[in-house]
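Fair warning: this is a prediction, and the values are worked out from it, not measured in the lab. Counting begins at 1 with the first residue of the sequence.
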Amino acid sequence: EAVRRWLDDSGHLDNLPPEGFLPADRIAKHLGHRYNSVARVIKNLGEELGEVKSYKYKSKVTPGYSPEQQDKIKDALQKA
């Protein structure tokens with residue numbers, strides 16, 4: 001409990017992604033596609049993905065995609 005409180009007080013737990021949210025590189029790895037293919041699909045989907053928020057993954061802040069957004073990305077990759 002003390003460690004969690006320290007992490008929270010020091011900002012280490014700020015902006016963590018909700019359960020199931022993944023960055024593009026993890027989506028690519030999970031689906032067995034190259035990162036560039038996933039990034040292109042994300043760019044092409046644009047507004048169809050809806051709101052995309054950034055979260056802290058390890059030491060960097062990057063866009064994270066919800067399970068629903070990941071499904072749209074997966075569908076678009078299958079059609080490509």
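A 4.5 Å side-chain heavy-atom check between Leu77 and Ser37 finds at least one atom pair inside the cut-off. Two residues are said to be in side-chain contact when any heavy atoms from C-beta on lie closer than 4.5 Å; Val52 and Ile42 fail this criterion.
Scanning both residues, Lys56 and Lys58, for their nearest heavy atoms gives CG-O, 3.6 Å. In plain terms, the two heavy atoms of Ile27 and Gln70 that are nearest each other are CD1-CG, 3.8 Å. Annotation for Ile73 and Val41: closest pair O-CG1, 3.9 Å, computed over non-hydrogen atoms. Of all the heavy atoms in Ser54 and Val61, the pair that sits closest is CB-CG1, 3.7 Å. Glu48 and Lys72 make their closest contact through O-NZ, 2.8 Å (heavy atoms, listed as atom of the first residue, atom of the second, distance).
A donor-acceptor pair under 3.5 Å is absent between the side-chain atoms of Lys53 and the main chain of Gly64, judged by distance alone.
Separating the CG atom in Asn44 from the CG atom in Leu49 is a distance of 10.5 Å, to the nearest 0.5 Å.
Evaluation of the side-chain hydrogen bond (donor to acceptor under 3.5 Å, both in side chains) rule for Gln69 yields Ser66 as partners, not counting sequence neighbours. For Gln78, the side chain to side chain contact (heavy atoms under 4.5 Å, CB included) partners at least two apart in sequence or on another chain are Lys74, Asp75.
Sequence neighbours left out, the pairs with a member in residues 25-75 that pass ring-ring contact (aromatic ring centres under 6.0 Å, His included) are Phe21-Tyr55.
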